[in-house]
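Working notes, beginning with the structure itself.
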Amino acid sequence: MKQSLHFSLLQLLAAAIIALFVPTNASAQSADDYRVEAEQGVAEAQYNLGVCYCLDQGVAQDYAEAVKWFRKAAEQGYAEAQYNLGVCYYDGRGVDQSYAEAVKWCRKAAEQGHAEAQCNLGGCYEFGLGVDQSYAEAVKWYRKAAEQGHAEAQYNLGVCYYHGRGVDQSYAETIKWCRKAAEQGVAEAQYNLGQCYYFGKGVDQNYAEAVKWCRKAAEQGHAEAQYNLGQCYYDGRGVDQSYAEAVKWYRKAAEQGVASAQYNLGVCYCFGQGVAQNYAEAVKWYRKAAEQGHANAQYNLGVCYEHGIGV
């Protein structure tokens, strides 16, 4: 019964991060105060009143009213309102859903230097939402946001360099941008930076650095990172070998549905590695992995039934 190794490199792209932009002072005044100024045509007040309607601050939540006030501010060139109006069109909140309108308003904000809008406009180009798909345009807008320190854009730009989408392929650039995002706490970037160190892509192979970054992502709940950290403990790569720590991290990933972690946890129970030997638990975890199509788990589960082990 074999352990399985499961390291993947930059396979999960961060989708467009579409979320309302809410300033820290959005509730500094009451909705009534904002309304007075908003009705006088003050763009910032119109925007903040829209935020109040979105977030149920001093008024009943009403996305249609939020859109109304965002639009008034957006038409005056208020970048945050343009961005949030785009978000509302993207999600279909208070308006009929429309990627084309989402792009229209995100672009207006992006052209004013709004980093979140730039990142999301890049996402729309990457996935062809409301615009013709274009990796070159995606890279253009990701880069603008990334250069302003936008973490998700930094990660996405790194992914583009890894795959050579819209730019010449470069592991060195991948590492550069993934590191920036990882240092800001983006779990996917931390995980993938760890994989680059593990495989020596764009950096010298270094298991200790791989473990360092994998752990940061794992501690944020990143399931694949939890699995891979368990694998490092199992094999003693970059850390002192410890079956108990391997089991700890396999279990966290297994409970999130990672099939390879479920399988490896079953192996640990089968052979008493890091846990008391328990064939029933081994079967339990083999079964979970097997039901997801994990071939080794299916085979081991069959062996258990053949010999009456744990069943």
Side-chain angles (χ1 to χ4, degrees), residues 1-14 151-152 154-155 158-159 162 171 174-175 177-278 281-282 284-286 288-290 292 294-297 300:
M1 296 184 181
K2 301 186 297 180
Q3 289 280 338
S4 64
L5 183 64
H6 180 65
F7 277 91
S8 60
L9 280 169
L10 294 166
Q11 292 179 344
L12 295 176
L13 297 179
E152 286 80 9
Q154 291 169 340
Y155 171 68
V159 171
Y162 182 86
Y171 291 135
T174 296
I175 293 294
W177 290 106
C178 271
R179 188 184 305 279
K180 289 179 183 290
E183 289 172 348
Q184 291 197 66
V186 176
E188 195 71 32
Q190 293 169 338
Y191 166 68
N192 284 319
L193 183 58
Q195 305 327 296
C196 288
Y197 273 110
Y198 189 92
F199 290 108
K201 297 286 189 180
V203 287
D204 292 336
Q205 187 179 58
N206 186 322
Y207 291 134
E209 279 294 302
V211 167
K212 167 187 167 181
W213 289 106
C214 210
R215 188 186 306 280
K216 288 181 183 289
E219 289 173 347
Q220 291 195 64
H222 190 290
E224 293 292 340
Q226 291 169 340
Y227 168 71
N228 286 352
L229 184 56
Q231 194 67 48
C232 288
Y233 273 110
Y234 189 92
D235 294 331
R237 292 183 180 175
V239 287
D240 292 338
Q241 196 279 339
S242 170
Y243 289 136
E245 282 294 305
V247 165
K248 168 186 168 181
W249 291 105
Y250 285 156
R251 189 183 307 280
K252 289 180 184 289
E255 289 172 349
Q256 292 198 65
V258 176
S260 292
Q262 294 169 337
Y263 167 70
N264 282 1
L265 186 55
V267 170
C268 289
Y269 272 111
C270 191
F271 294 103
Q273 295 173 323
V275 288
Q277 189 178 58
N278 186 322
E281 279 293 303
K284 166 187 166 181
W285 290 106
Y286 287 154
K288 287 180 183 290
Q292 292 196 66
H294 192 287
N296 287 341
N300 285 2

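Computation of the quantities below employed the complete heavy-atom set of this structure, encompassing side-chain atoms and omitting hydrogens, waters and symmetry-equivalent molecules.
- In this structure a side-chain-to-backbone donor-acceptor pair under 3.5 Å is missing from Q262 to W285.
- With sequence neighbours left out, Q205 forms a side chain to side chain donor-acceptor pair (under 3.5 Å) with no residue at all.
- No donor-acceptor pair closer than 3.5 Å links the side chain of Q154 to the backbone N or O of W177.
- Shown here are the side chain to side chain donor-acceptor pair (under 3.5 Å) partners of Q277, two or more places apart in sequence or in another chain: Y279.
- Atom SG of C214 is separated from atom OH of Y207 by 13.0 Å, given to the nearest 0.5 angstrom.
- Y171 contributes atom OH, which lies 11.0 Å from atom CZ of F199 (distance to the nearest 0.5 angstrom).
- The distance from the OH atom of Y286 to the CG atom of N264 is 9.0 Å, given to the nearest 0.5 Å.
- Looking at V247 and Q273, their side chains never come closer than 4.5 Å, going by heavy atoms from C-beta outward.
- Ring pair Y234/Y243 is tilted by interplanar angle, where 30° to 60° counts as tilted.
- Q292 contributes a side-chain N or O that, together with a main-chain N or O of G257, makes up a donor-acceptor pair within less than 3.5 Å.
- A151 approaches V186 most closely through the heavy-atom pair CB-CG2, 3.5 Å.
- A donor atom on one side chain and an acceptor atom on the other are found under 3.5 Å apart for Y227 and Q231.
- Atoms OH and SG, on Y162 and C196 in that order, are 6.5 Å from each other to the nearest 0.5 Å.
- A distance of 7.5 Å separates OG in S260 from CD in E224, rounded to the nearest 0.5 Å.
- The shortest heavy-atom contact between A261 and A253 is CB-CB, 3.6 Å.
- With E245 contributing its side chain and D240 its backbone, the two residues share no donor-acceptor pair below 3.5 Å.
- Going from atom CG of L193 over to atom NZ of K212 covers 8.5 Å, rounded to the nearest 0.5 Å.
- Residue H222 forms a side chain to side chain donor-acceptor pair (under 3.5 Å) with just one option from K252, K216, E188, and that option is E188.
- Counting all heavy atoms, side chain and backbone alike, C178 lies closest to A189 at O-CB, 3.6 Å.
- In this view, E183 and R179, W213 satisfy the side-chain contact (heavy atoms from CB on, under 4.5 Å) rule, not counting sequence neighbours.
- Shown here for R237 and V211, the closest heavy-atom pair between the two residues is O-CG2, 3.4 Å.
- Within the 3.5 Å criterion, the main-chain N or O of G221 finds a donor-acceptor partner in the side chain of Q256.
- Across all non-hydrogen atoms, the minimal contact from A217 to A225 is CB-CB, 3.6 Å.
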